[in-house]
Trainee: 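Sharing a structure here in structure tokens format.
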Protein chains: 2
Amino acid sequence: MRQIIEERTGSPTRQPAFVEPHCSNLRVAAHVTVLHEGDPARRIMEVVEGAVMLTKLLPDGRRQVVELLGPGDVFGLAHDDAYACSAETLTPATITTHERSALERDPMLASRLLRHFEAQLCVMHSHALVLGRMSALERVAFFLLRLMPEGMVGGGTLHLSMTRQEIADFLGLTLETVSRAFSELKRRGLVALQRADEVRIQDRGSMRRLAGAL
Amino acid sequence: MRQIIEERTGSPTRQPAFVEPHCSNLRVAAHVTVLHEGDPARRIMEVVEGAVMLTKLLPDGRRQVVELLGPGDVFGLAHDDAYACSAETLTPATITTHERSALERDPMLASRLLRHFEAQLCVMHSHALVLGRMSALERVAFFLLRLMPEGMVGGGTLHLSMTRQEIADFLGLTLETVSRAFSELKRRGLVALQRADEVRIQDRGSMRRLAGAL
DNA sequence: CGACCTATTGAAAGCTATCAACTGGGGTGG
DNA sequence: CCACCCCAGTTGATAGCTTTCAATAGGTCG
């Protein structure tokens with residue numbers, strides 16, 4: 001289940017100053033668990049390409065997808081030297097890993113991570129609003145708008161790389177409720193579903209109103 | 001409503017190198033809104049002392065308290081140069097503010113903020129799990145444990161500086177549900193309430209089981 | 001002591017979860 | 001190449017939890 005396709009070590013000898021020496025790039029297939037919640041947190045990671053989700057579990061098995069990551073986003077954060085979340089690829093992905101000690105040595109890296117932490121923290125704030133205060137329909141509308149921002153390539157058809165269960169775990173719902181919400185959005189003409197995982201937003205205005213602007 | 005008690009500007013001339021010049025300390029009373037969501041984001045702030053809550057609003061007025069901050073925590077984050085959240089003091093507080101440009105000039109500041117961003121992001125991940133997957137009773141238990149970690153001063157009696165409404169907005173519930181949860185915890189003997197805002201945790205083991213470890 | 005605000009408690013409604021059956025598409029194997 | 005199987009998704013019915021609406025209690029401050 002845990003197959004790493006390729007691992008390339010960075011070329012420290014060729015690099016000038018200010019570039020961290022101990023980093024490496026990984027090519028990972030889709031649906032691979034890169035990190036396990038609770039494991040000792042040795043390295044910090046960045047998504048270079050592809051999509052990654054971070055998940056947390058309760059002792060009884062309830063799961064929450066706490067964050068969806070794309071290129072530039074950082075993960076592998078630690079609480080008491082243990083990874084706070086598991087990380088699983090949603091698509092084939094390229095990931096860079098850094099030793100945690102590199103943060104002190106490499107100001108450029110630290111600065112880049114700082115910027116991304118700020119952005120990710122803002123996204124988490126929005127997500128708290130979604131999880132705490134929005135209805136099921138609003139959550140799904142918000143989710144789709146978030147995946148397909150204003151100016152989007154591909155003629156407006158979005159390929160979902162998540163199952164209904166994964167979307168549900170992200171939005172704090174059940175898969176049935178997510179499915180019903182998709183059907184309701186379709187029924188109202190706000191979206192069209194080519195297939196279960198191919199969505200087109202038909203009425204962005206109404207979607208934004210549902211999602212509480214955005 | 002928006003009363004700033006005192007503002008002391010840092011003493012840049014006395015400082016040696018590596019200390020940001022354009023920072024200032026604010027003394028703020030309780031229940032003061034320090035930042036408004038949507039305002040132009042000029043400065044980044046740190047809590048020195050006291051407690052601050054960050055809130056977000058939906059267009060129809062639904063509110064979510066997205067984060068609770070204590071000493072060392074950072075706020076004033078921006079999305080498109082506008083503050084992503086409002087910030088309101090829960091207690092009298094001391095706050096340091098920095099110009100955003102100081103982040104590039106002052107590596108010590110950047111490094112400190114980086115560490116705190118990481119911690120706050122981890123807390124947000126936990127909070128997503130709470131908001132997405134926990135029942136009302138579990139949320140309140142989690143909340144109380146979070147406010148009163150293992151080794152705590154004061155003989156185990158905690159003073160809540162939040163109203164039921166604020167707790168509800170933090171936990172994604174209504175104030176009535178929060179009140180019922182408190183009553184249920186009391187009924188089960190897990191907590192004792194001296195007054196509505198004075199809590200003693202009687203059975204930490206059961207609380208932790210409810211909150212999903214922690 | 002009374003006014004006012006916060007908190008508590010009760011009853012009913014509403015939304016989502018749960019349980020269950022059915023459908024459809026993709027892949028495998030005959 | 002086609003049939004079958006299997007898994008993801010959809011849809012329906014019911015239960016359960018939280019919200020909503022409403023009335024009461026408690027505490028603080030003037």
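Please read these numbers as outputs of a predicted model, since none were measured by experiment. First the proteins, then the strands, lettered A, B, ... as listed; each starts at 1.
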Trainee: Salt-bridge test for A:R62 and B:E138: reply yes if a basic N is under 4.0 Å from a carboxylate O, no otherwise.
Mentor: yes
Trainee: How do A:R195 and A:T174 order along DNA chain C: which one's closest nucleotide is nearer the 5' end?
Mentor: A:T174
Trainee: Return the angle between end axes of the helix from C:dC1-D:dG30 to C:dG30-D:dC1, with five pairs used per end and rounding to 10°.
Mentor: 30°
Trainee: Assess whether atom CZ of B:R42 is packed by more than 12 heavy atoms of other residues, nucleotides or ligands within 6.0 Å.
Mentor: no
Trainee: Please report the interatomic distance CD1(A:I95) to CD(A:E46), rounded to the nearest 0.5 Å.
Mentor: 11.0 Å
Trainee: Could I get the full list of ring-ring contact (aromatic ring centres under 6.0 Å, His included) partners for B:F170, not counting sequence neighbours?
Mentor: B:H127, B:F143
Trainee: Using whole Å, report how far CZ of A:R164 lies from P of D:dC7.
Mentor: 18 Å
Trainee: Crowded around A:D81 CG? As in, over 12 foreign heavy atoms under 6.0 Å?
Mentor: no
Trainee: Check DNA chain D against residues 177-193 of chain A and give the residues with a non-hydrogen atom under 4.0 Å, in numerical order.
Mentor: A:S179, A:R180, A:S183
Trainee: Quickly work out the B:L175 CG to D:dT19 P distance and round it to whole Å.
Mentor: 10 Å
Trainee: Applying side-chain contact (heavy atoms from CB on, under 4.5 Å) to A:V123 and A:H125, what does each step give before you reach the verdict?
Mentor: CA-CA 5 Å; A:V123 171; A:H125 290 159; over 6 Å; no
Trainee: Could B:D169 and A:R133 be called an ion pair, given the rule that one side-chain N must be under 4.0 Å from one carboxylate O?
Mentor: yes
Trainee: Would you sort out whether A:R27 and A:T94 count as a side-chain hydrogen bond (donor to acceptor under 3.5 Å, both in side chains), showing the intermediate values?
Mentor: CA-CA 5 Å; A:R27 282 290 303 164; A:T94 308; 2.6 Å; yes
Trainee: Assess whether a salt bridge exists between B:R187 and B:E184, defined as any Lys/Arg side-chain N lying under 4.0 Å from an Asp/Glu carboxylate O.
Mentor: yes
Trainee: Not counting sequence neighbours, list each pair that qualifies as a salt bridge (Lys or Arg N to Asp or Glu O under 4.0 Å) and has a residue in residues 174-183 of chain A.
Mentor: none
Trainee: Taking only heavy atoms on the protein side, list every residue of residues 126-146 of chain B lying under 4.0 Å from any atom of DNA chain C, sorted numerically.
Mentor: none
Trainee: Of B:E176 and A:E176, whose closest DNA chain D nucleotide lies nearer the 5' terminus?
Mentor: A:E176
Trainee: Salt bridge or not between B:K56 and B:E67? Use side-chain N to carboxylate O under 4.0 Å.
Mentor: no
Trainee: From CD of A:Q194 over to C1' of D:dG9, roughly how many Å is that when rounded to an integer?
Mentor: 16 Å
Trainee: In this structure, how many angstroms lie between the C1' atom of D:dA8 and the CE atom of A:M162, rounded?
Mentor: 15 Å
Trainee: side-chain contact (heavy atoms from CB on, under 4.5 Å) between B:F117 and B:R112: does it pass, once the steps are laid out?
Mentor: CA-CA 9 Å; B:F117 276 166; B:R112 188 172 69 233; over 6 Å; no
Trainee: If only side-chain N and O atoms count, and only distance matters, is there a donor-acceptor pair under 3.5 Å linking A:T157 with A:R200?
Mentor: yes
Trainee: Between which nucleotides of DNA chain C, read 5' to 3', does contact with chain B run, using atoms under 4.0 Å from its heavy atoms?
Mentor: C:dA7 to C:dA11
